Every structure is written in C-alpha cells, then in structure tokens.
Colleague: 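If you scroll down you'll find the structure; I have some questions about it.
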Amino acid sequence: MDVDGTKSTGRALDEVGAHVAGHNANSIGICMVGTDQYSTAQWGALASLVKALLAKYPGVPVVGHRDLSPDLNGDGTVEPSEWTKTCPGFTVAAWLAAGMKPQAKNTLAS
C-alpha cells in the first residue's frame, strides 16, 4: 500500500511469492510503503485488504513478517532478538485485537 492508500498487485494470489523464506508457497505477502509509521489511508487500505482476504480464505492466520522468524531458542515465542526481519513495525496480533484500527504510535502525523 502506498502512502495514499493505493493498493497495487505484485503477484497474483495463485503465484508463489518471494516474501518470507519457508512460507512463500503457502502465504500471501502484503507490503506497505514505510518502516514503522503509516498514513491513515494505508491503515484503512490494509484493514480493507485483510478483511477481503479473510472472506476469501476464512480462518487463516494473519501475522507479520517478523512473526514468521524461526524460534531460535525453542521456547515457543519468537522474540525480538530472534527476528530475521522487523516488518511491519507493529504487532499484528495487537492490531487485529484492536479491531484493525490504526495504531497511534505507528501512524504518521497528518
């Protein structure tokens, strides 16, 4: 998603992605322009896209790139020291639990 909320398709849903090693064949990658702060338009576009994908693929887990990092110490939790990537810069589980509302600390000032 671009800063103005514009959605662009990189690969078709039936194409294997190249976004996270070990998970490309069974996942859909979503990319947002930015690192850890996003516009309200991006937050809205992300929520819209995730809702549409969940309607098409009900029950699938929604996670951030960093959440798919290996659990190096085997304790069942992927901790920040184990992340191979840091995106999306916010905790996806918290965003989902908050009803997909923009996260204040991760929202660009207008």
Side-chain angles (χ1 to χ4, degrees):
M1 255 106 1
D2 209 330
V3 177
D4 67 358
T6 301
K7 299 175 200 170
S8 301
T9 301
R11 295 185 190 215
L13 291 177
D14 61 348
E15 289 182 274
V16 174
H19 49 280
V20 61
H23 299 276
N24 290 322
N26 62 355
S27 65
I28 298 168
I30 298 173
C31 181
M32 294 172 65
V33 173
T35 55
D36 63 352
Q37 290 196 315
Y38 308 99
S39 69
T40 53
Q42 283 175 291
W43 283 111
L46 178 63
S48 170
L49 179 57
V50 169
K51 287 174 186 174
L53 289 170
L54 285 172
K56 185 173 176 100
Y57 305 104
V60 300
V62 177
V63 299
H65 209 165
R66 65 188 190 189
D67 301 322
L68 296 174
S69 299
D71 180 13
L72 299 175
N73 63 9
D75 70 353
T77 303
V78 178
E79 300 166 43
S81 63
E82 298 172 305
W83 292 343
T84 54
K85 301 217 175 183
T86 59
C87 53
F90 63 92
T91 304
V92 173
W95 174 70
L96 292 168
M100 298 188 201
K101 301 284 188 247
Q103 303 292 287
K105 71 177 186 168
N106 298 102
T107 301
L108 292 168
S110 337

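As the structure is a prediction and not an experimental result, all values here were calculated from the model.
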Colleague: What is the minimum heavy-atom distance between S27 and V20, and which atoms define it?
Modeller: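 Reported closest heavy-atom pair: OG-CG1, 4.3 Å.
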
Colleague: Search all heavy atoms of P88 against all heavy atoms of G64 and return the closest pair with its distance.
Modeller: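 For P88 versus G64, the nearest heavy atoms are CD-CA, 3.8 Å.
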
Colleague: Do V92 and H65 come within less than 4.5 Å of each other through their side chains, counting heavy atoms only?
Modeller: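 A side-chain contact under 4.5 Å is absent here.
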
Colleague: Start with the C-alpha gap between R66 and T91, add the side-chain angles, then the distance that decides, and say whether side-chain contact (heavy atoms from CB on, under 4.5 Å) holds.
Modeller: CA-CA 9 Å; R66 65 188 190 189; T91 304; 3.1 Å; yes

Colleague: For Y38 and F90, take the angle between the two ring planes, folded into 0 to 90°, and tell me which bin it lands in: parallel under 30, tilted 30 to 60, perpendicular over 60.
Modeller: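 The arrangement is perpendicular - the two ring planes meet at more than 60°.
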
Colleague: Applying side-chain contact (heavy atoms from CB on, under 4.5 Å), run through L46 and W95 and close with a yes or a no.
Modeller: CA-CA 11 Å; L46 178 63; W95 174 70; 3.7 Å; yes

Colleague: Backbone N or O of V3 within a donor-acceptor pair of the S39 side chain at under 3.5 Å?
Modeller: yes

Colleague: Give, for atom CE of M100 and atom CG of L49, the distance between the pair rounded to the nearest 0.5 Å.
Modeller: 10.0 Å

Colleague: Roughly how far, to the nearest 0.5 Å, is CG of N24 from CZ of R11?
Modeller: 8.0 Å

Colleague: Which heavy atom in N106 sits nearest to a heavy atom in D36, and how many Å separate them?
Modeller: ND2-O, 2.7 Å

Colleague: Working to the nearest 0.5 angstrom, can you tell me the gap between K85 NZ and D67 CG?
Modeller: 13.5 Å

Colleague: To the nearest 0.5 Å, what is the distance between OG (S48) and CG (L53)?
Modeller: 9.5 Å

Colleague: For V62 and L54, which heavy atoms make the closest approach, and how far apart are they?
Modeller: CG2-CD2, 3.8 Å

Colleague: Between L96 and M32, is there a shared hydrophobic cluster once you connect ILVMFWY residues whose side-chain heavy atoms come closer than 4.5 Å?
Modeller: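 Linked within one cluster.
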
Colleague: Can you measure from CE (M1) to NZ (K7) and round to the nearest 0.5 angstrom?
Modeller: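 Result: 7.0 Å between the selected atoms.
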
Colleague: For I30 and H19: C-alpha separation, side-chain torsions, deciding distance, then whether side-chain contact (heavy atoms from CB on, under 4.5 Å) applies.
Modeller: CA-CA 9 Å; I30 298 173; H19 49 280; over 6 Å; no

Colleague: More than 12 heavy atoms of other residues, nucleotides or ligands under 6.0 Å from NZ of K101: yes or no?
Modeller: no

Colleague: Group every Ile, Leu, Val, Met, Phe, Trp and Tyr by side-chain heavy-atom contacts under 4.5 Å, then state whether L108 and W43 land in the same group.
Modeller: no

Colleague: Tell me the closest heavy-atom pair linking G5 and A45, and the distance in Å.
Modeller: O-CB, 3.3 Å

Colleague: Just by modelled atom types, is the S69 backbone N or O under 3.5 Å from a matching donor or acceptor in the E82 side chain?
Modeller: no

Colleague: Evaluate side-chain contact (heavy atoms from CB on, under 4.5 Å) for D71 paired with T77, printing each intermediate quantity in order.
Modeller: CA-CA 6 Å; D71 180 13; T77 303; 5.6 Å; no

Colleague: Say you draw a straight line from CD1 of I28 to NZ of K56; how long is it, rounded to the nearest 0.5 Å?
Modeller: 8.5 Å

